[in-house]
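This report concerns only the one structure given below.
These numbers come from the heavy atoms of this one structure, side chains and all, not from hydrogens, waters or symmetry mates. Index from 1, following the sequence.
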Amino acid sequence: MNHKQRVVVVGNGMVGHHFVEQITSLINPSSDAEVTVLSGEERLAYDRVHLSEFFAGKTADDLALTNEQIYADWQVRFYTNAKVTHINREKQQVTTSEGAIFDYDKLVLATGSFPFVPPIPGKDREHCLVYRTIADLNAIKHSASSSKVGVVIGGGLLGLEAANALKQLGLETHVVEFAPQLMGVQVDGGGGRLLKDKISALGVQVHTSMATEEIVDGDSCRYKMCFKGGETLETDLILFSAGIRPYDNLAREFDLAVGERGGIVINDHCQTSDQNIYAIGECALWSNFIFGLVAPGYAMAKIAAKHILSSHSDCAFTGADMSTKLKLMGVEVGSIGDAHGRTQDARSYVFDDQLSGVYKKIVTDPAGTRLIGAVLVGDTSDYDNLLQYHLNDLALSVAPESLIFPLAPTADTISIADLPAEAMICSCHQVTKHTIEQAVLAGAIDLVGVQTVTKACTGCGSCKSRVNCIIEHCVTEHSLAVTQAEPKRLSDSALIPVTELA
Ligand SMILES: Cc1cc2nc3c(=O)[nH]c(=O)nc-3n(C[C@H](O)[C@H](O)[C@H](O)COP(=O)(O)OP(=O)(O)OC[C@H]3O[C@@H](n4cnc5c(N)ncnc54)[C@H](O)[C@@H]3O)c2cc1C
């Protein structure tokens, strides 16, 4: 090839942007590539994970992950409002809805997903909205200004975030969930029951086991939701949060393999059924699985970037951990690994303190020596410790129950010193204990410094306290002075990919 390799990225969400970061950090004069980004939205990438902070006062600029100047500095060509509608695989060209044509040598589909709206009659009325983009947030804000009551359809993780948004906007807020419990993907029945109690106590009315059949004109509000069984609920605004679906329309139309239930099929290098086209993030189906979290998408972005530049063709995506810790309306929730204990012969230990409102469950292998899952509601202080056991497959040296029962005689907390160097601390950016220590030794002796150098804590942010502990431990251990030279960026080779861990 005597021209620069032309890499065209379709979609500039969190994962598409991470791909741009990765590939531009790898490009050197000998492996020249030129990167073009086509963003279907009216702006460049922003932090979707922290979208809800918009209602707590953050602006679109606060949420931005990049800007025009940064892309210009990286020599990345970019176009906003550039929705790709056509792929010509023979000529290796894509066309946008405006008719602009871009040639590619490698095409990266990072088109993400869209909210699923169940086919309920009345769903297309005004003030029936979804919660995914900054444009959606503006629509919600606008609708809320003339509303008193709001209903979220869907009681999963995103539905509860959306309910929080409605509450912050001052609406009487309801959550309607089809299943018998909230957050059924991440927490078990016991955790779901406590979560419902806690969310209800905060003033959000939760209606589980309710199937909406129709949305019609209301009497006291704009609309009336009619449920199976005859019950009704009046509301002015409806937010659908009933799951997401991959944006795989381009793959379907232009004959790339897609999964039976959607998603663009990719191999371990993130290539689709056309080896010049990659798919990463929430639009990609790997091993029959779509990952709805940002960390797996980041791992795919890194692998695709390396593979496109071909010097690292041995790197492979091997799956990702789906553990999550979050605070919903102030209620702490954590979910690790096999939270439901579905592994054959798995053992469960449950601590259910109904008075204090704390529910903890751990799941171990049949021998009780490895932690394979956990659910925490009301108190996630054990999350970091449990996650380390799970992520690093560490043997439990004490009785499993001592990990969660407050009065157990020998609580087993892994000390920072005991954590192996390759222990994965930030799974969003695949940052190990060793990498953090290297950063501290290179002069990044506080959280901001370590974040700048390693990117740890800049994804979902749930590893913050563990990162702080490692920094403190390292500073003390090496008697580091607090005034240090500017931290240097670590070379990528200092980062141990998750694939190399046990
Ligand atoms: C409210 C909320 C809270 C969340 N919280 C968490 C969390 O706590 N932890 C976590 O890990 N994850 C969380 N997520 C999920 C996380 O945001 C996603 O996993 C992540 O954004 C996926 O990134 P992506 O780039 O694959 O897709 P997206 O971010 O959806 O980006 C895809 C982009 O591609 C564009 N696009 C689509 N088709 C085209 C086309 N034909 N041409 C051009 N552009 C196109 C879209 O407009 C979009 O801008 C949350 C999501 C939401 C909505």
Side-chain angles (χ1 to χ4, degrees), residues 14 46-58 62-63 131-132 137 140 152 154-171 173 175 177 181-188 190-206 239 241 292-295 321-337 339 351-354 356-362 373-388 390 404 425-428 447 451 456-469:
M14 296 186 77
Y46 52 89
D47 187 350
R48 222 178 280 290
V49 166
H50 294 104
L51 210 53
S52 304
E53 292 176 18
F54 187 79
F55 295 108
K58 282 211 171 169
D62 295 332
L63 292 171
Y131 191 57
R132 177 90 196 168
L137 301 185
I140 293 166
V152 177
L157 191 158
L158 298 185
L160 294 182
E161 286 226 14
N164 193 25
L166 295 188
K167 205 163 164 281
Q168 282 173 310
L169 289 167
L171 303 194
T173 304
V175 172
E177 168 57 51
Q181 73 161 87
L182 297 175
M183 279 184 73
V185 175
Q186 292 86 4
V187 305
D188 65 341
R193 263 190 306 280
L194 178 59
L195 187 59
K196 181 177 176 183
D197 290 349
K198 284 185 172 274
I199 299 282
S200 305
L202 289 165
V204 171
Q205 298 177 49
V206 180
L239 262 189
S241 183
L293 293 177
V294 78
D321 183 64
M322 297 293 282
S323 304
T324 17
K325 176 172 82 164
L326 55 147
K327 220 177 202 176
L328 291 161
M329 294 179 238
V331 181
E332 296 183 5
V333 181
S335 170
I336 294 176
F351 171 75
D352 189 1
D353 180 348
Q354 295 178 356
S356 314
V358 174
Y359 178 89
K360 300 180 186 185
K361 179 175 98 172
I362 52 167
V375 176
L376 303 169
V377 178
D379 174 10
T380 52
S381 54
D382 294 323
Y383 179 87
D384 288 347
N385 195 42
L386 299 176
L387 186 67
Q388 286 308 316
H390 170 62
I404 51 168
I425 305 299
C426 170
S427 40
C428 289
L447 186 65
Q451 281 177 322
C457 310
T458 62
C460 73
S462 66
C463 59
K464 205 166 169 177
S465 63
R466 181 69 49 167
V467 172
N468 262 326
C469 290

Legend entry - Intermediate values then yes/no, side-chain contact (heavy atoms from CB on, under 4.5 Å), Thr173 and Gln205: CA-CA 6 Å; Thr173 304; Gln205 298 177 49; over 6 Å; no
Distance in Å, [X] [atom1] paired with [Y] [atom2], rounded so as to fall on 0.5 Å steps:
X	Y	atom1	atom2	value
Cys457	Leu447	SG	CG	5.0 Å
Gln181	Leu194	CD	CG	11.5 Å
Gln168	Ser52	CD	OG	7.5 Å

Which pair of heavy atoms, one from [X] and one from [Y], lies closest together, and at what distance?
X	Y	value
Gly334	Tyr383	CA-CD1, 4.1 Å
Ala163	Val175	CB-CG2, 3.6 Å
Asp47	Met14	OD1-CE, 3.4 Å
Ile336	Leu387	CD1-N, 3.6 Å
Glu177	Leu182	CB-CD2, 4.5 Å
Ser241	Val152	CB-CG1, 4.0 Å

Student check: side-chain heavy atoms of [X] and [Y] closer than 4.5 Å:
X	Y	value
Met329	Lys198	no
Leu328	Met183	yes
Val294	Cys428	yes
Gln186	Val333	no
Leu376	Leu386	yes
Arg132	Arg48	yes
Tyr131	Leu137	yes
Leu157	Val185	no

For the residue pair [Y] / [X], report whether a side-chain donor-acceptor contact shorter than 3.5 Å exists.
X	Y	value
Tyr359	Asp379	no
Asp197	Ser200	no
His390	Asp321	yes

Legend entry - Test log, rule side chain to side chain donor-acceptor pair (under 3.5 Å), inputs Thr458 and Gln451: CA-CA 7 Å; Thr458 62; Gln451 281 177 322; over 6 Å; no
Legend entry - Heavy-atom donor-acceptor pair, Lys325 side chain to Ser335 backbone, under 3.5 Å: no
Inset, instruction - Spell out, as yes or no, whether a donor-acceptor pair under 3.5 Å connects the side chain of Glu332 to the backbone of Thr380. - result: yes
Inset, instruction - Determine, step by step, whether Leu51 and Tyr46 satisfy the side-chain contact (heavy atoms from CB on, under 4.5 Å) criterion, reporting the C-alpha distance in whole Å, the side-chain angles of both residues, the deciding distance to 0.1 Å, and the verdict. - result: CA-CA 9 Å; Leu51 210 53; Tyr46 52 89; 3.9 Å; yes
Inset, instruction - Apply side-chain contact (heavy atoms from CB on, under 4.5 Å) to Asp382 and Ile404, showing your working. - result: CA-CA 7 Å; Asp382 294 323; Ile404 51 168; 4.3 Å; yes
Inset, instruction - Please report the C-alpha distance between Phe55 and Ile140 in whole Å, then the side-chain angles of each, then the deciding distance to 0.1 Å, and finally whether the side-chain contact (heavy atoms from CB on, under 4.5 Å) criterion is met. - result: CA-CA 10 Å; Phe55 295 108; Ile140 293 166; 4.1 Å; yes
